[in-house]
Amino acid sequence: MIDRPLSFLDRPNSYIGRSVPRPNAQRLLQGRGTFVDDIRLPRLVHAAFLRSPYAHARIRSIATAEAARQPGVVRVVTATDLAGRYTPWVGVLTHMKGLKSAPQHPLAVERACWQGEPVAAVVAESRAAAEDAVAQIAVDWEELPAVADAEAALAPGAPAIQPALGDNLAFTRSIEAGTVDDAFARADAIVEDIFTFARHTGVCLETRSILADFNPADRQLTVHHSSQAPHMMKEIVLRHFPLAETGVRVICRDVGGSYGIKIHVYPDEMAVIALSLLLGRPVKFVADRLESFVSDIHAREHRVSARMAVSRSGEILAVAIDDLTGIGPYSTYPRTSAVEGNQVINLTGSWYRCANYRARLRVAFQTKPPMSQYRAVGHPIACAVTEALVDRAAQAVGLDPAELRRRNLIADDAYPWTSPAGLRFERLSHQRCLARMLELMDYAGLRREQAALRAKGIHRGIGLASFVEITNPGPAFYGVGGAPISAQDGCTLRLDPGGSITVAISVTEQGQGTETMVAQIAASVLGVSLERVRVVTGDTERTPYGGGTWASRGTGIGGEAALQAAKALRANILTLAGAILQAAPAVLDISDGWIVDAASGARRIGLDEVGRAGYFRGDTLPPDVQPELVATRHYQPREYPFAFTNGVQASWLELDVETGFVTLLKHWVVEDCGTVVNPLLVDEQIRGGVVQGLGAALFEECAYDAHGQLLNGTLADYLVPMAGEMPDIAVAHLATPTATSELGAKGVGEAGTAGAPAAVMNAINDALSPFGARVTAQPATPQRILRALGRV
Amino acid sequence: MRARALDEVFGVLAAEGDEAKILAGGQSLVPALNMRLLEPRLLIDINSLPGLGAVAERDGGLRIGALARYAELGRSQLVARLAPLIHQAIPHIAHPAIRNRGTFGGSLAQADPAAELPACAVALDALIHVASARGERRVAARAFFKGLYETALAPDEIVTAIDIPKPARGTRTAFLELARRRGDYAMVGLAITARIEDGVVRAPRLVFFGVGEKPVEARAAAGALDGGVLRDRIAAAQEALGEDLDPPGDLQADGATKLHLARVLLARGVDALAGSTA
Amino acid sequence: MSEAVDIRLTVNGEAVARRVPARQNLIDFLREELGFTGTRAGCEHGVCGACTLRIDGAAVRACLIFAAQLDGARVETIEGLSQSGEIADLQAAFHARNALQCGFCTAGILVAAAELLRDTPRPSRAEIRDHLSGNYCRCTGYHAIVDAVEAVALQRGAAGGAR
């Protein structure tokens, strides 16, 4: 039920709310997409990198002469060769008080601080020739002590990875709300645990790819980039290379998965740009899978000790957490490596009424690959900790876990609401979502089935997880801190002489369906069929200026810009049509490609005729008429720092208590993301996000030894979720539109990943509960489960 | 180079030694080349060698050519009838596209300790045909696997065929594997054969893989099962397994976990034998 | 290895004759030499399945085979399979159900699914998942892919047997 006044979204033949397939998927189905590696340019050369084999080492010398002599080699460079050709960058933002980080360079200067850090680059006629030459570079290394463990990094006397910064504490922040100690003192039960979360890497199937093409004749740099934020990338280039604003263009065409991995600044990619500027010809770099494991940003390495106080009637009285997270030797640029931890402490417990909350965050440097934002940034940890404590609290006071949630989730009529950490919720629907979930999954029926099977020695578990998701961030998220990251996006729509609509928009597409969503909005407002709409994205030269796609903002922000621009174009079209028809624009409408009488629906003149009249037949128009068949609008959220969404997930699984193996039987999501433009695309985003979360719960971890060496850096050893182990995922929706925009859409891209690990962990622990066993480490591997059971 | 006759292969192996590698299915070799873990000067493509892919009945058993692809073995009625253990193992090997190229001979020569077919070869008492310029010889499967990726093959030898003996009357087989995901290398696996006569176990062979440097025949556990009524001896066999196995740990599990999982598989393997008819 | 090998093969129905570096794998041959960029590399160690295409009628990892091995072979990539219309119903079902998002894994999954339906006309959902268990997709979570393959199997069955 959508409770707002009728608007453009409710027009007849509106595409809003329709599950239309994506027009831009056809080329992908036929192998005719254009990813960066598909692009061929004259005199293109290829880069390969020598990377540090050590987590921490001084570079005494690098001998490149032999490499430079290899067949096909154009140039070999080290940090010295690039000095003065760029300015270093520092991954701090002013609004993250106290965050410190050392300057970063495209190639390591004097010291490598993680296994995989790029140290030298070879440019050659082929990638193979470049790699052959890399093998001929001789580096004289002096191995230094690795600082691989976050806790050890903060221990007194630990070697400072960046001595100029003093110690390895990159950032710390505390939250204190309400009367926490008092609440714990009067609690009837206190539950506590230490939760550990493994380091993850995104494993985008298309690895990071960049093709930098500098034309020295007109000093134009064109960067073909597998990325989510072309305008941001352009800003970065302008800040760090000697180029004019008019001399840089960034193009993002088809992108083979990103999930946040491809919105960060990578030293090897900056090196490629520097090389193109140096050589005056196009240079391409496509990371291979092995180097992706040691050079893509990592995420999610946390150790959270957490406690919850609860009364015997099941009221959550207080929550306290202490989060330690290990990042890399630098805070990533430009979004920092502190946001994930910041979101963990901001979000934990926030969907419950409890007002007493204490949190401390410590972010530690480590000699491991840099980390930063990756799908659902911090939410999976905050949700897993909160929801695990809730289940334990329920057990402690003898309440059903669903019932304890019902008693504590913020009431649906309690909004607007501000959480203890200061998060402002406009309006959420936790209670209705929970009720819908219990019905959707037949919770009561599953509990009966679980009991019956337990009697036969078959152990199944049910896990619930309520959550919120941050979407549609406003400018206070990054821009306020000095980041070249735009919180607004713009959309230009143009009517062409044949009656078709060209849309250029600054949010981007990586397969989630951005272009389709935009086309649906444009087509709905302009009264044309979807086939008549062409959407252009991912090009700083062809679209308005904007933030791109991240933090689940494409529909809420880009969609709103498209809606407003479409309304403006519609008004312009009707103005011209009115002039042609000698009628007031207010009595006209556009339907199915025709200007029609608004009241009767009678067709008056085709949209194509209006287009032709405007462009070719000015002679037929009144003399004071200047047709304007283009409109642009920009939009950014102003009222709330974020548009929060909410949902609940559930997992039903079977645990083989002899082997510790988990079989995921089914998964459910009830999600409220406000107005849904395309249910098919939204549900598929949710499902894809869920599976990333299921991977986290059961499979994924970057395993390191004490020397900071990655032990499982191949696809055979880093276990990503595959079809054989994944369940079917049922999705249902409630809709609480945001009143802050006309579209009313919130975001949804990360919701699946936010809640899935929590639901699975709760289900595993539910299955383990007859044994008095519990697992609080992710991934919940067979060995960890067997150890919890005391079987090994 | 693409070899057209075995003599060509022998000649090149003799001349090049370590600088030459045999390329059969390539499903293990080529990843290693792509990752620059191996850098041989020469690859000898043996996929065109005539006659090395055949699967034929022989003396009531099977002669399987070294180039027989996993997928072919999986489809073969002969294999299903005369070496059902292999038939049971095939679906566990990697994924369909890998099975379309990977070969039986390649699997044996590669000797990955977590691979399926080496364990089956040992369990079935296979005889492995090995050839070189110096002639042909046959190696019993249990003598073929020497250590981690190490076999009885001399540097100038290649596997040409595998003989599976005629199965004894009343033989049943079961194949079990615990892997994190479908198609992954086994955390622990078990190939088990036995004759069941009037509910009594005779001549059981339990070959575990993923638990050491090569397939491990669990003789003590087999001894505990031998002569007993199927399920009655499971606990004793699980106990005895501690004498047979001392698995090294790996990324997935430490030695204690692997031993535990092996015990679980033993029980389930015996259950499977009890329930099967072949 | 700098040696070059002469090969004659058919690619998507067209006769091709080339001299290839011995070390060039099939993905690079197709993409760099012939311009068939639909076949993509995701890992180069045979695990992700993105490069799966058809050689002599069988689904195979293109990253694990050298062009030099393919004298006399018949290679079919996603471009050829699309042009011939052989997998049109699969592509339509994938499109209708959004069984692809970024599209990078899609060619490999379509080839694998086509082989499954050729060999197993009425696969269960579990069999579909099992057969596709060697194809990595990070975007979709697999559910829609299973739906699409199941739907095509039913359609083909209703139409009177596999293609």
Side-chain angles (χ1 to χ4, degrees), chain A residues 19 21-22 25-35 37-38 40 71 126-128 202-207 254-259 286 288-290 509-513 678 680-681 683-692 694 714-716 720-729 752, chain C residues 2 21 23-24 28 31-32 35-50 77-79 81-83 87 90-92 94-107 110 125-126 128-147:
Chain A
S19 292
R22 296 160 47 211
Q26 291 287 15
R27 65 172 181 272
L28 300 171
L29 283 162
Q30 299 188 28
R32 301 298 292 257
T34 304
F35 298 85
D37 193 45
D38 300 333
R40 302 275 173 278
S126 70
R127 169 74 188 220
V203 199
C204 310
L205 191 53
E206 181 208 21
T207 53
D254 290 318
V255 173
S258 181
Y259 332 106
V286 176
D288 70 23
R289 182 56 60 193
L290 298 186
E509 170 85 67
Q510 295 84 42
Q512 69 277 74
N678 186 322
L680 173 66
L681 302 187
D683 284 0
E684 289 307 309
Q685 275 289 282
I686 290 172
R687 285 178 168 160
V690 164
V691 168
Q692 252 172 313
L694 300 180
T714 77
L715 270 186
V720 289
M722 307 293 276
E725 288 68 44
M726 292 299 109
D728 282 350
I729 300 160
Chain C
S2 55
R23 70 191 290 193
Q24 186 175 54
D28 289 341
R31 292 175 59 78
E32 307 291 328
F36 284 117
T37 57
T39 301
R40 307 183 180 286
C43 73
E44 295 177 285
H45 37 286
V47 179
C48 74
T77 71
I78 184 67
E79 290 96 334
L81 293 171
S82 299
Q83 194 152 36
I87 53 169
L90 273 170
Q91 288 166 316
F94 271 54
H95 192 220
R97 290 160 193 280
N98 210 53
L100 71 154
Q101 291 183 27
C102 79
F104 208 77
C105 74
T106 304
L110 286 169
R125 289 179 76 84
I128 295 170
R129 284 184 180 277
D130 191 64
H131 192 90
L132 294 179
S133 62
N135 287 81
Y136 174 49
C137 174
R138 193 52 138 176
C139 294
T140 67
Y142 308 107
H143 185 148
I145 294 174
V146 178
D147 284 350

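What you are looking at is a predicted structure, and each value in this text was computed from that prediction instead of being measured. Heavy atoms only: backbone and side chains are in, while hydrogens, waters and symmetry mates are out. We name chains A, B, ... by the order of the sequence lines, and we start the count at 1 in each one.
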Interface moiety of A/V203 toward chain C, non-hydrogen atoms closer than 4.5 Å
both
So C/N98 and A/E684, do their side chains get closer than 4.5 Å, heavy atoms only?
yes
Please state whether the side chain, the backbone, both or neither of C/R125 comes within less than 4.5 Å of a heavy atom of chain A.
side chain
So what's closer than 4.5 Å to chain A heavy atoms on C/N135: side chain, backbone, both or neither?
backbone
If I measure from the heavy atoms of chain A, does C/H45 come under 4.5 Å with its side chain, its backbone, both, or neither?
side chain
At a heavy-atom separation under 4.5 Å, does A/D37 approach chain C through its side chain, its backbone, both, or neither?
both
Whatever's closer than 4.5 Å to a heavy atom in chain A on C/L100 counts as both
Applying a strict 4.5 Å limit to non-hydrogen atoms, the region of A/P727 in contact with chain C is backbone
Picking from A/E725, A/M722, A/R289, which has the most non-hydrogen pairs under 4.5 angstrom with chain C?
A/M722
Examine whether an atom of A/E509 lies under 4.5 Å from a heavy atom of chain C, and if so say whether it belongs to the side chain, the backbone or both; otherwise answer neither.
neither
What part of A/D728 lies closer than 4.5 angstrom to a heavy atom of chain C: side chain, backbone, both or neither?
both
Closest-packed option against chain C by number of heavy-atom pairs under 4.5 Å, given A/S126, A/G202, A/A128, A/P71
A/G202
Please rank A/A723, A/G688, A/P21 by heavy-atom pairs under 4.5 Å with chain C and give me the top one.
A/A723
I'd like to know if A/R127 pairs up with C/D28 as an ion pair, taking the criterion as any Lys NZ or Arg NE/NH1/NH2 lying under 4.0 Å from an Asp or Glu carboxylate oxygen.
no
Which bit of C/F104 comes within less than 4.5 Å of chain A, counting heavy atoms only: side chain, backbone, both or neither?
both
Can you name the side-chain contact (heavy atoms from CB on, under 4.5 Å) partners of A/R40, sequence neighbours left out?
A/K284, C/R31, C/E32, C/T37
Quick one: does C/V47's side chain get under 4.5 Å of A/T714's, heavy atoms only?
no
Is it the side chain or the backbone of A/S19 that comes within 4.5 Å of chain C heavy atoms, both, or neither?
neither
Starting from the C-alpha separation in whole Å, work towards a yes-or-no answer on side-chain contact (heavy atoms from CB on, under 4.5 Å) for C/L110 and C/L81.
CA-CA 9 Å; C/L110 286 169; C/L81 293 171; over 6 Å; no
Max heavy-atom pair count under 4.5 Å with chain A, selected residue of C/H131, C/E44, C/H95, C/E79:
C/H95
Of the backbone (N, CA, C, O) and the side chain (C-beta and beyond), which part of A/Q510 lies under 4.5 Å from a heavy atom of chain C, both, or neither?
backbone
Does any backbone or side-chain atom of A/L694 lie under 4.5 Å from a heavy atom of chain C? Answer side chain, backbone, both or neither.
neither
Applying ring pair (Phe, Tyr, Trp, His ring centres under 6.0 Å), can you list everything that pairs with C/F94, at least two apart in sequence or on another chain?
none
Side chain, backbone, both or neither: which part of C/Q91 has a heavy atom under 4.5 Å from chain A?
both
The interface call for C/A144 against chain A, heavy-atom contacts under 4.5 Å, is both
